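Side chains are part of it too, since the values below use all heavy atoms of this structure and drop only hydrogens, waters and symmetry mates. Just so we're on the same page: letters track the sequence lines, and every chain starts at 1. Values in this document were obtained by computation on a predicted structure and should not be read as measured data.
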Amino acid sequence: MTIQEIVQLSALEAAPRLLGQIMSRITPAGEIRCRIVETESYGGAEDKGSHAYGNRRTARTEMMFRQGGIAYVYLIYGMYHCVNVVTGTENDPQAVLIRAVEPLGRVDEQRMLALRHVPPNRRRTLCNGPGKLCLALDIDKSLNGVQLLASGGTLRLEEAKEPLDFAIECGPRINIDYAEEYAAKPWRFYIKDHPYVSAKNSSPLAYVPPLDTL
DNA sequence: ACTGCGATTATCT
DNA sequence: GATAATCGCAGTG
């Protein structure tokens, strides 16, 4: 399945399929490429965990209602940014939060360490969380709404070249206790045993892909 | 205009 | 496990 096809899916279908795909960010220091290793789905007007719950369409949530393929970037706790991949069709709020990435190579990692002012001996904390990866990739609200699939952009999604060979686990999303019955939905996806995943799961479920994707 | 709080993180005990 | 940092957003009036 191509990236172009993935971003037209619902957030719940797209979230596991974005694992292993590549984010590219052009900075003044050069290009940084990394692999997506953890995601969360925030999809539809019914999801009480979503900013767009009840079709709440405001200046902040506007990007979630657009057609898939753009970024939704917001400020959280007054000091960190989070980046989402908007998916699905226009007027249906669907977004996949990128919760953790892994630098693809040495140079990528060096540039990320510099942006986040993290010494190499703490590299495991470089980008294992949604706020941390935005710092490491210099992502802020100036990138809200940018096209992720267009050539020439400074923030892009690229299809993984190598085959995706890993197991996927899922579990409840992080820090959405306010979401009532939606807080327990297993809509967080991550590469099993990956060192850059942001949090352990007490009782992870194996993610079984739908038959029509096999 | 005013208020409460968050899709987080680092640092402390 | 607990807490501070820090501010835009969404709801209320």
Nucleotide B:dA7, atom P - distance to CD of A:Glu38 in whole Å = 16 Å

Length of the line joining A:Ile139:CD1 and B:dT8:C1', which is rounded to integer Å = 15 Å

Over how many whole Å does the gap from A:His81 atom NE2 to C:dG8 atom C1' extend?
-> 11 Å

Which nucleotide, B:dT8, C:dA10, B:dA10, lies nearest any side-chain atom of A:Cys82?
-> B:dT8

Residue-phosphate contact under 4.0 Å: A:Asn175 side-chain N/O, B:dT8 OP1/OP2 = yes

If two hydrophobic side chains count as joined below 4.5 Å and joins carry through other members, does A:Met64 share a cluster with A:Ile139?
-> no

Once you round it to whole Å, what is the distance between P of B:dT9 and CG of A:Leu75?
-> 13 Å

Is the phosphate of C:dG11, meaning OP1 or OP2, less than 4.0 Å from a side-chain N or O of A:Arg56?
-> yes

Residue A:Met79, side-chain heavy atoms: nucleotide from C:dT6, B:dA7, C:dG11 that is nearest = C:dT6

Shared ILVMFWY cluster between A:Leu12 and A:Leu97, side chains joined below 4.5 angstrom?
-> no

Pairwise P distance, C:dT6 and B:dC2 [rounded to whole Å] | 22 Å

Donor-acceptor pair under 3.5 Å: do we get one between A:Tyr74's side chain and the base of B:dA7?
-> yes

Contact class for A:Thr61 (heavy atom, under 4.0 Å): base, sugar-phosphate, or nothing?
-> sugar-phosphate

Rounded to whole Å, the CG-P distance (A:Asn144 to C:dG8) equals 15 Å

Using Watson-Crick or G-U wobble geometry with both distances below 3.5 Å, tell me the partner of C:dG11, or none.
-> B:dC2

Looking only at side-chain N and O atoms, does A:Arg116 come under 4.0 Å of OP1 or OP2 in B:dT9?
-> no

Would you classify A:Leu97 as touching base, sugar-phosphate or nothing, given that sugar-phosphate means primed atoms plus P, OP1 and OP2, and contacts are heavy atoms under 4.0 Å?
-> base

Would you kindly confirm whether A:Phe166 and A:Met1 end up in one hydrophobic cluster when ILVMFWY residues are joined by side chain heavy atoms under 4.5 Å apart?
-> yes

C:dA2 - base-pair partner by Watson-Crick or wobble geometry, distances under 3.5 Å = B:dT11

Which part of the nucleic acid, if any, lies within reach of A:Lys141 when heavy atoms closer than 4.0 Å are counted: base, sugar-phosphate only, or nothing?
-> sugar-phosphate

Atom CG of A:Asp140 and atom C1' of B:dT8 are separated, to the nearest Å, by 16 Å

Working to the nearest 0.5 Å, report the span between CG of A:Asn175 and CD of A:Glu40.
-> 9.0 Å

Would you indicate what A:Gly49 reaches in the nucleic acid, counting non-hydrogen atoms under 4.0 angstrom: base, sugar-phosphate, or nothing?
-> base

Specify the separation, in whole Å, of atom OH of A:Tyr77 and atom C1' of B:dG6.
-> 4 Å

At under 4.0 Å, does any side-chain N or O of A:His51 touch on OP1 or OP2 of B:dA7?
-> yes

What's the CG-P distance between A:Asp47 and B:dA7, to the nearest Å?
-> 11 Å

Quick one: label A:Arg173 by what it contacts on the DNA or RNA (base, sugar-phosphate, nothing), any heavy atom closer than 4.0 Å.
-> nothing

Contact class for A:Gly131 (heavy atom, under 4.0 Å): base, sugar-phosphate, or nothing?
-> sugar-phosphate

ring-ring contact (aromatic ring centres under 6.0 Å, His included) against A:Phe65, all qualifying residues, sequence neighbours excluded | none

Cluster link A:Ile70 to A:Leu155, ILVMFWY, side chain under 4.5 Å = no

Among B:dT9, C:dA10, B:dA7, the one nearest any side-chain atom of A:Met64 is B:dA7

Would you please confirm or rule out a distance under 4.0 Å between OP1 or OP2 of C:dA10 and any side-chain N or O of A:Thr58?
-> yes

